[in-house]
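Every value quoted in this text rests on a predicted model; they were computed, and no experiment measured them. Just so you know, ligand 1 is whichever comes first in the structure, and atom 1 is the first atom listed for that ligand.
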Amino acid sequence: MTAPIESFRDLDLPAPLLTALAEVGYETPSPIQAACIPHLLAGRDLLGEAQTGTGKTAAFALPALARLEIGLYRPQVLVLTPTRELAIQVAEAFQKYAHHLPGFHVLPVYGGQSMVVQLRQLKRGAHVIVGTPGRVMDHLERGSLVLDDLRTLVLDEADEMLRMGFIDDVEWILEHTPAERQTALFSATMPDAIRRVAHRHLREPQEVKIRAATATVAAIRQRYWQVRGVDKLDALTRILEVEDDFDAAIVFVRTKTATVELAERLEARGYAAAALNGDMTQGLREQVIERLKNGSLDIVVATDVAARGIDVPRISHVINYDIPYDTEAYVHRIGRTGRAGRQGTAILFVAPRETRMLKAIERATRQPIEAIALPTRETVAGRRVAQFRQQIADTLEKEDLAFFMDVINRIEEEECFKAHEIAAALAFLATRERPLQVEETGKGWDLATAAPTQAAKGERPPRENRDEILTRRRAFSEGLLTRYRIEVGRMHGVTPKEIVGAIANEGGIEGRYIGQIHLFDDYSTVELPKALPGELIGLLKRIRVRQRPLAIRELSASEADQLPERRRPPRPAGDRDMQGRGEAPRKWGGTKRPEHGNADKHEHRGPPKTYADKPGKRFRKD
Ligand code: ADP
Ligand code: MG
């Protein structure tokens with residue numbers, strides 16, 4: 001056998017390509033490149049099996065470019081990819097490697113892009129076409145893509161094309177291209193259906209197989225967190241917050257709607273996050289990837305399909321927020337990190353009943369996945385304080401603070417505050433949006449479905465009577481609020497703000513579900529959705545405000561009617577029955593919805609500015 005290939009120079013590639021490779025910083029060919037390039041340069045067909053992230057693009061792009069006749073301005077290479085993202089990325093890779101081939105042109109064609117534009121571009125011509133099967137077929141049928149001069153056809157991620165149902169289109173294309181072409185098929189796995197295609201359409205293919213656990217997978221640190229006790233979103237933000245090497249993350253969820261929801265919730269917590277899913281227009285999807293690349297986004301919440309093949313080197317973390325359906329999907333997912341020779345981290349959330357899948361993944365990747373504990377609130381707070389200290393030190397070092405020193409000196413003298421008191425007030429103000437302290441949130445209740453938010457996986461709420469559930473669902477969907485009694489009142493020194501805070505933060509109830517609060521001497525009433533689940537009531541009962549357990553219970557209609565009149569300044573008589581609202585339930589739909597924004601209308605809710613301005617920020621801190 002020959003010596004291992006150490007350098008691209010050993011591969012007989014033309015000088016302009018070597019120059020480009022040096023510029024992009026590739027030092028040595030990856031195993032799949034070293035194994036494939038000689039065969040492909042020699043014009044042979046090839047069947048390549050290698051996991052994501054092993055460098056397959058260059059493995060076919062470099063020899064294809066080497067064999068190109070630059071003077072012939074017609075499609076000589078066609079690459080089929082399962083998704084538009086991938087088509088674009090492969091086209092970008094060609095462009096990069098061909099940087100020193102003057103006149104070179106590559107064209108991505110995919111569905112969702114304007115036909116008019118594509119037709120014009122095709123007319124102008126290109127050496128390499130990279131496209132999704134459907135759109136390529138379209139153009140072949142219209143005659144807008146002519147492959148008479150095709151020399152090389154590449155099927156990239158063939159297993160994925162199979163999985164996405166493109167295999168018939170792919171075969172159709174194979175049948176409608178010149179028979180004397182060279183064909184290379186790449187796939188992360190080699191299911192029978194792919195083998196059959198290869199058998200039918202490839203001529204004496206060279207088989208190259210790179211074992212799964214190669215360098216790139218090894219460069220990914222795989223960990224999992226057993227989902228329990230804490231809402232997955234809380235877990236995610238805590239984990240990300242204490243990760244040392246966090247730069248950017250892709251978070252995988254199972255559904256398109258989940259991409260949007262989770263991205264929004266992350267945004268609400270101050271992360272630069274966006275969704276990436278198949279429902280988005282092509283333009284939007286490209287924008288998202290571009291923003292992730294250039295650092296204006298740090299987290300992309302994606303479905304498997306939308307994230308296929310994304311190659312953004314700064315992705316330091318892949319979070320499997322929802323466990324993938326199979327081990328292949330897992331391998332594809334984690335291949336989004338650890339790119340371009342960097343270290344990557346993959347974190348998997350595993351609900352108790354998903355343990356089997358975890359084991360399957362370990363077997364498939366031939367690597368143990370390490371369990372991690374959720375960072376405690378203290379750890380997170382410690383990290384925040386450390387960052388804050390660093391910020392202060394940096395600011396003192398880098399900024400000219402003379403003006404501010406002067407302001408503070410004056411405050412110190414004129415107001416008689418001590419410098420550290422002023423500093424504490426400023427620290428509070430500076431960290432208001434992102435408090436240094438981490439508040440415990442409850443489980444989080446999705447009141448729309450009346451279920452704990454993590455009930456979806458693993459932890460089921462206790463069985464309930466079907467009728468109860470139906471009644472509750474109906475009540476929630478109609479937006480019925482009713483009055484509950486809690487055993488803490490004015491004489492205990494409680495404020496409405498504290499009650500809202502406790503119910504929202506510790507009960508995990510969103511502020512918008514909390515209606516009016518009325519304080520009485522030794523108890524209070526609070527409006528909450530009717531028929532709260534028993535489990536949640538149990539939780540709320542135990543919450544303490546001013547050292548007193550709330551011992552919450554729903555008031556019956558007659559009890560509500562008998563509530564004493566609240567003390568209030570005298571009013572014209574006609575106004576009275578508006579206020580004596582003992583009767584429940586009340587609608588919260590439409591404009592009457594008790595948002596905190598109009599809390600000032602409810603006089604017993606305390607001064608509005610304390611908690612009325614930004615309920616989202618205030619109640620969902622962590
Ligand atoms: P695959 O198609 O197998 O998933 P890619 O072709 O997308 O893998 O390559 C994965 C990453 O590795 C890309 O960021 C690519 O630029 C980088 N890469 C490829 N070949 C090399 C190499 N020889 N040296 C360094 N980085 C490389
Ligand atoms: Mg690839």
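- Neither the backbone nor the side chain of Q89 comes within contact range of ligand 1; no heavy atom lies under 4.0 Å.
- Counting atoms of ligand 1 from 1 in the listed order, those under 4.0 Å from a heavy atom of S30 are 23 (N).
- Evaluation of the salt bridge (charged side-chain N to carboxylate O under 4.0 Å, His left out) test over residues 135-154, restricted to residues two or more places apart or in two chains, returns E69-R151, R74-D149.
- For the pair R383 and D244, the salt-bridge criterion is met [side-chain N within less than 4.0 Å of a carboxylate O].
- Ligand 1 has at least one atom lying under 4.0 Å from a heavy atom of F8.
- Distances from atom 14 (O) of ligand 1 to the heavy atoms of D156, D311, L62 put D311 nearest.
- Using a 4.0 Å cut-off between a side-chain N of Lys or Arg and a carboxylate O of Asp or Glu, K232 and D322 qualify as a salt bridge.
- Residue contacts with ligand 1, taken as heavy atom pairs separated by less than 4.0 Å, do not involve F60 at all.
- The T57 neighbourhood of ligand 1 comprises atoms 2 (O), 5 (P), 6 (O), 7 (O), with distances under 4.0 Å to a heavy atom of that residue.
- Sorted by first then second residue, the ring pair (Phe, Tyr, Trp, His ring centres under 6.0 Å) pairs that include residues 286-315, not counting sequence neighbours, number zero.
- Under the side-chain contact (heavy atoms from CB on, under 4.5 Å) test applied with V300, the options V312, V251, L276 reduce to a single match, L276.
- Remark: aromatic rings of F349 and Y224 are distant, center separation not under 6.0 Å.
- Backbone and side-chain nitrogen or oxygen atoms of G55 are examined, and one is located within less than 3.5 angstrom of a nitrogen or oxygen of ligand 1.
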